[in-house]
Amino acid sequence: MADEAVAEHPAEPAAPKAKDARSPEAPRGGARGDDNAKDAPDAPGSSDAADAEAAEREKERERAADRFKDRTRDPLAEEQGEEEPTDAAAATRARRSGQKLLASGRDLIGFDRSDVGRLHIGDINIGLDARRSGLSMRDGPVPEEELLRIRRTHIEPEGYVRLRRALEARRLLVLGGAPGTGRASTALALLEEVTRDGESGQNAERVRRADPERGVRELAAQVVAGESGRLRGTGYLLEPALDRPGTLPPDGMDLDQLASALAERGSYAVVVVSVGSAANPLLAGRYGAICPPAPTRELVAVRLRKRLEEEHGDPVRVGGGGSARDGDGGGGLDGHADRDRDGGRDEGRARGADQGGDRPRGGGPDEAGSLSRLLERAAELREDPEVTEAVGLDDLRPAEAELFASLLAGHLLGSVGREELLSGCRGLAAVQAYEWFAGVDRALAAPPPGDGRAPVRSGTAALFHPVAFRIALAVLGGASHSAVSAAAHLLTWELSVQSDPDSTPARPLFCDDPESDLALSRARPADGPVDVAGAEVTGRLIFYRGAALPAAVLAELWDRHFPVRAPVVRWLRLLADDPRPQVSMRAAVAAGELSVRDFEHGYAELVRPLAEAPTPRRRVFAATALDQAAGHASHRRAVRKVVEDWSRHGTPALRWTAAMALGYGRSADSMDDTLDALARIGVRDDGEQLAVASLNVVRLLTLPECATVLRRLADWTGHRGEEYQDLALVSIVRLALTDVDEVLDDEPGTPLGDRGDWPLLLALAATRPELTGKLADLFWTALNTARSRDVAFDALETLLRSASRKDGREWTRKGLAALLPALTAEEHDRRRLDWLLQRMMRDQDRPLTEERARALWRLAVPARQRRSEEEESHG
């Protein structure tokens with residue numbers, strides 16, 4: 001660099017001196033000679049033969065350099081074209097995200113339940129199937145005892161007052177919500193309140209459930225008949241079965257007719273429907289309203305206090321002059337003063353419920369003090385991180401809150417042990433998954449309403465779409481909403497064809513309702529990054545409302561519903577071909593989890609067929625699934641046996657897949673065994689799969705055993721076999737060309753994770769100073785070997801250009817400051833660096849400024865060494 005240059009350099013770098021890290025082409029036992037030197041003639045007159053021989057050697061070196069360059073290609077880009085990016089960083093992030101959602105340790109939990117409608121833990125026996133509880137009594141009066149319980153324990157959801165006023169004004173309310181959220185409980189609370197002081201106030205049958213099979217028209221006729229005028233001022237609860245194929249929802253005229261009949265009889269009715277395409281027109285009409293869920297903290301607090309008071313023989317009381325309510329609504333029903341606030345919830349009362357509230361009636365100071373202490377301990381236990389993780393749900397529904405409170409109370413009172421408590425908490429997600437899938441397609445075998453005889457199967461797509469969306473969300477959680485929805489429609493088709501192979505299922509095009517999908521699947525949207533063509537953009541992502549639900553859904557699907565495996569396997573194979581890493585890699589992780597639950601089936605139907613596929617994308621899918629299975633101690637030995645057999649005796653496709661699985665670092669007993677297997681794959685058949693083997697050697701350098709990998713690379717450079725030398729050289733060059741986020745599984749916040757866009761070579765030099773010498777020696781070897789020199793010099797130029805960003809901000813300067821001095825310890829190395837910097841300055845497309853060139857030179861040659869060399873050059 002101008003005044004700091006060591007000397008004027010020729011067009012080509014001078015021959016290097018011998019170094020500890022000996023070039024693979026150096027004669028064994030001695031220093032390496034000059035690759036550019038020509039052999040001396042044997043005798044006068046032999047110059048022509050010598051020139052010809054030298055020219056042939058030069059051509060061979062060029063051919064070797066071309067072969068070497070070909071082996072540094074991206075092995076994942078075969079189907080996309082060598083110049084097409086493969087989004088390796090996006091694939092790594094997608095895999096990491098999928099593992100995070102399925103890493104809660106609950107994938108192999110088998111929740112012991114003899115009847116998933118009820119749960120028995122310790123001495124607790126409680127009903128759980130909130131979806132069916134409202135249908136246990138059909139077309140009959142609601143007992144006064146149940147109305148009293150609703151009156152005392154119902155927790156009002158937000159907007160309860162508006163719902164009550166709408167019912168009073170119109171006599172009819174169509175209340176929409178997701179199953180299990182307490183919509184029926186809120187409907188009963190509304191009917192109990194509006195009929196309490198009406199014409200049927202003293203009538204024991206003032207609130208009735210209507211038969212779901214009869215529908216709105218039949219209910220209107222029943223109201224008009226009124227059983228000889230006996231049922232005036234009655235409140236009716238109807239839950240029509242709109243999800244059955246062939247069932248048409250009531251239209252506006254039907255609802256108007258029912259409202260008119262109710263007004264004539266001084267009665268009220270609440271029609272409870274599930275949100276979805278069938279019910280959306282009803283909810284959008286004049287009678288429609290959405291029932292929001294009750295707040296989780298209030299639900300648990302009220303139920304927990306109730307359980308503890310029952311043990312002390314005290315009645316339920318939650319401060320504020322009103323009764324707390326169980327279910328999906330809340331607040332006292334004794335007066336309307338408290339209800340005039342929107343939502344009907346007194347903030348002070350809620351706070352009292354959460355902190356223990358007033359002291360219970362009927363107990364002495366000792367009992368009150370004991371209860372107060374229990375409530376304090378209960379509040380602490382409820383926030384215990386282990387308990388929270390075991391529950392794994394962001395919010396609880398009424399039946400779940402009841403169970404959770406019972407478990408907490410039982411543990412505090414000594415009837416439920418710690419393990420039983422955690423097991424019961426984990427069972428909440430398992431029960432939800434059971435309810436989502438239990439008997440979904442029974443309606444297909446049932447005749448339609450009326451006098452029809454043949455089952456109607458034309459509605460299979462509409463019937464299967466909600467469950468398909470839940471499965472897609474369990475597999476692709478964290479991906480964009482559009483990707484999950486598209487995958488759900490693919491699965492809906494597969495399920496419909498499997499259910500009725502003789503018919504072509506209908507594919508509704510304009511029936512999607514994103515809000516309904518969220519409500520029916522306990523999902524939540526969130527803005528987040530989406531990888532598109534190597535760049536990150538903001539998109540609308542979707543997740544389950546609870547870390548326990550993805551694994552619970554997969555477990556329920558795979559362990560209890562065997563016929564659904566065939567369409568799900570076909571669907572996963574389709575996802576394996578998806579070019580978007582956010583889809584294919586998440587699906588691969590889920591396939592690995594499913595294989596763990598039945599390895600024989602997963603291996604035969606998913607892993608082995610895709611491992612032999614002709615496209616790299618499918619083979620990466622199989623390798624990722626294998627690695628996910630290897631993450632479980634129960635299956636690690638089997639996976640390692642499979643990978644070892646493939647690396648030794650497999651077809652080329654199986655060896656390729658084995659190499660990708662080995663790159664994760666969990667498919668062999670030790671790091672040395674992993675490297676032995678990769679070397680076996682890389683050197684076989686004249687290095688046919690050296691590219692994929694070297695890629696996975698580089699991936700191993702992100703693991704804690706990085707020093708072992710570097711030691712083996714150094715051993716391979718001195719190996720007698722040229723294939724081993726090439727494996728080492730290609731890996732070294734790839735190390736300089738690979739960015740951290742293309743191969744690293746760590747989240748940001750780790751030393752390497754914070755340098756995601758750094759070349760891995762410089763990131764290691766910056767974060768692992770004890771490895772800098774080994775890294776420099778290996779890269780020096782690639783720079784000083786004829787067949788790898790050109791590619792290595794191009795890689796070095798890439799490293800030098802990454803010192804600072806285009807806007808001048810520092811980028812990899814710290815890594816270069818660690819690597820360059822070790823890489824240019826000898827004078828001829830510095831001369832070569834100076835030559836390279838001058839070449840970069842003369843580059844017509846991307847000229848390096850003199851200021852940046854000088855800065856790089858100063859990084860490579862410390863000031864003390866520069867002064868010493870200047871003094872020596874001037875005598």
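FYI, side chains are in, hydrogens and waters are out, and symmetry mates aren't considered; it's all heavy atoms of this structure.
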So, [X] side chain and [Y] main chain: donor-acceptor pair closer than 3.5 Å or not?
| X | Y | answer |
| --- | --- | --- |
| Thr785 | Ala782 | no |
| Thr738 | Leu735 | no |
| Arg619 | Pro614 | yes |
| Ser694 | Leu727 | no |
| Thr812 | Ser802 | yes |
| Arg830 | Ala825 | yes |
| Arg801 | Arg846 | yes |
| Arg71 | Phe68 | no |
| Arg586 | Gly477 | yes |
| Arg712 | Thr708 | no |

Practice task
Assign the ring pair His719 / Tyr724 to parallel, tilted or perpendicular, where the plane angle (0 to 90°) is split at 30° and 60°.
Solution key: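 The rings of His719 and Tyr724 lie parallel, inter-plane angle below 30°.
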
I'd like to know if [X] and [Y] make a salt bridge, using a cut-off of under 4.0 Å between side-chain N and carboxylate O.
| X | Y | result |
| --- | --- | --- |
| Asp627 | Arg95 | yes |
| Arg832 | Asp829 | yes |
| Asp790 | Lys69 | no |
| Asp741 | Arg96 | no |
| Arg617 | Asp577 | no |

Practice task
Dump the intermediate steps for salt bridge (charged side-chain N to carboxylate O under 4.0 Å, His left out) on Asp685 and Arg655, then the final yes or no.
Solution key: CA-CA 12 Å; Asp685 298 332; Arg655 295 200 304 274; 2.9 Å; yes

For a 4.5 angstrom cut-off between non-hydrogen side-chain atoms, does [X] reach [Y]?
| X | Y | result |
| --- | --- | --- |
| Leu695 | Val730 | no |
| Leu783 | Leu823 | yes |
| Leu816 | Leu762 | yes |
| Asp794 | Thr798 | no |
| Val620 | Trp656 | yes |
| Leu744 | Arg755 | no |
| Leu800 | Leu820 | yes |

What is the minimum heavy-atom distance between [X] and [Y], and which atoms define it?
| X | Y | value |
| --- | --- | --- |
| Pro581 | Ala94 | O-CB, 3.4 Å |
| Ala763 | Val740 | CB-CG2, 3.5 Å |
| Arg666 | Gly631 | NH1-CA, 3.6 Å |
| Thr657 | Ala623 | O-CB, 3.6 Å |
| Ala803 | Leu856 | CB-CD2, 3.7 Å |
| Gln628 | Gly592 | CB-CA, 3.9 Å |

Practice task
For Arg684, enumerate each residue passing the side chain to side chain donor-acceptor pair (under 3.5 Å) test, keeping only those at least two apart in sequence or located in another chain.
Solution key: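 Counting only residues at least two positions away or on another chain, Arg684 forms no side chain to side chain donor-acceptor pair (under 3.5 Å).
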
State the [atom1]-[atom2] distance between [X] and [Y], to the nearest 0.5 angstrom.
| X | Y | atom1 | atom2 | result |
| --- | --- | --- | --- | --- |
| Leu837 | Arg842 | CG | CZ | 10.5 Å |
| Phe793 | Arg839 | CZ | CZ | 7.5 Å |
| Arg789 | Thr781 | CZ | OG1 | 13.5 Å |
| Arg67 | Arg787 | CZ | CZ | 9.0 Å |
| Arg73 | Leu690 | CZ | CG | 9.0 Å |
| Asp777 | Ile732 | CG | CD1 | 10.0 Å |

Practice task
Check the pair Thr767, Trp758 against side chain to side chain contact (heavy atoms under 4.5 Å, CB included), reporting the backbone distance first and the verdict last.
Solution key: CA-CA 12 Å; Thr767 59; Trp758 283 39; over 6 Å; no

Practice task
Applying side chain to side chain contact (heavy atoms under 4.5 Å, CB included), run through Val743 and Thr92 and close with a yes or a no.
Solution key: CA-CA 7 Å; Val743 292; Thr92 300; 5.8 Å; no

Exercise for the section: Mind running side chain to side chain contact (heavy atoms under 4.5 Å, CB included) on Leu662 and Ile681 for me, showing each step along the way? Expected result: CA-CA 11 Å; Leu662 289 164; Ile681 296 170; 4.2 Å; yes

Could you pull out every donor-acceptor pair under 3.5 Å between side chains of residues 699-706 and any protein atom, sequence neighbours left out?
from   : atom 1 : to     : atom 2 : distance (Å)
Arg699 : NH1    : Met660 : O      : 3.1
Arg699 : NH1    : Asn696 : OD1    : 2.4
Thr702 : OG1    : Arg699 : O      : 2.8

Handout entry: CA sep, side-chain torsions, deciding dist, call: Asp807, Arg805, salt bridge (charged side-chain N to carboxylate O under 4.0 Å, His left out)
Key = CA-CA 5 Å; Asp807 58 5; Arg805 303 185 188 276; 5.8 Å; no

Handout entry: More than 12 heavy atoms from other groups under 6.0 Å of CD on Glu770
Key =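 Enclosed: over 12 neighbouring heavy atoms sit under 6.0 Å from CD of Glu770.
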
Problem - Ser804-Arg813 side chain donor-acceptor pair, cut-off 3.5 Å - result: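 The criterion, which ignores hydrogens and geometry beyond distance, is not satisfied for Arg813 and Ser804.
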
Handout entry: CA sep, side-chain torsions, deciding dist, call: Leu675, Val709, side chain to side chain contact (heavy atoms under 4.5 Å, CB included)
Key = CA-CA 8 Å; Leu675 293 166; Val709 182; 4.3 Å; yes

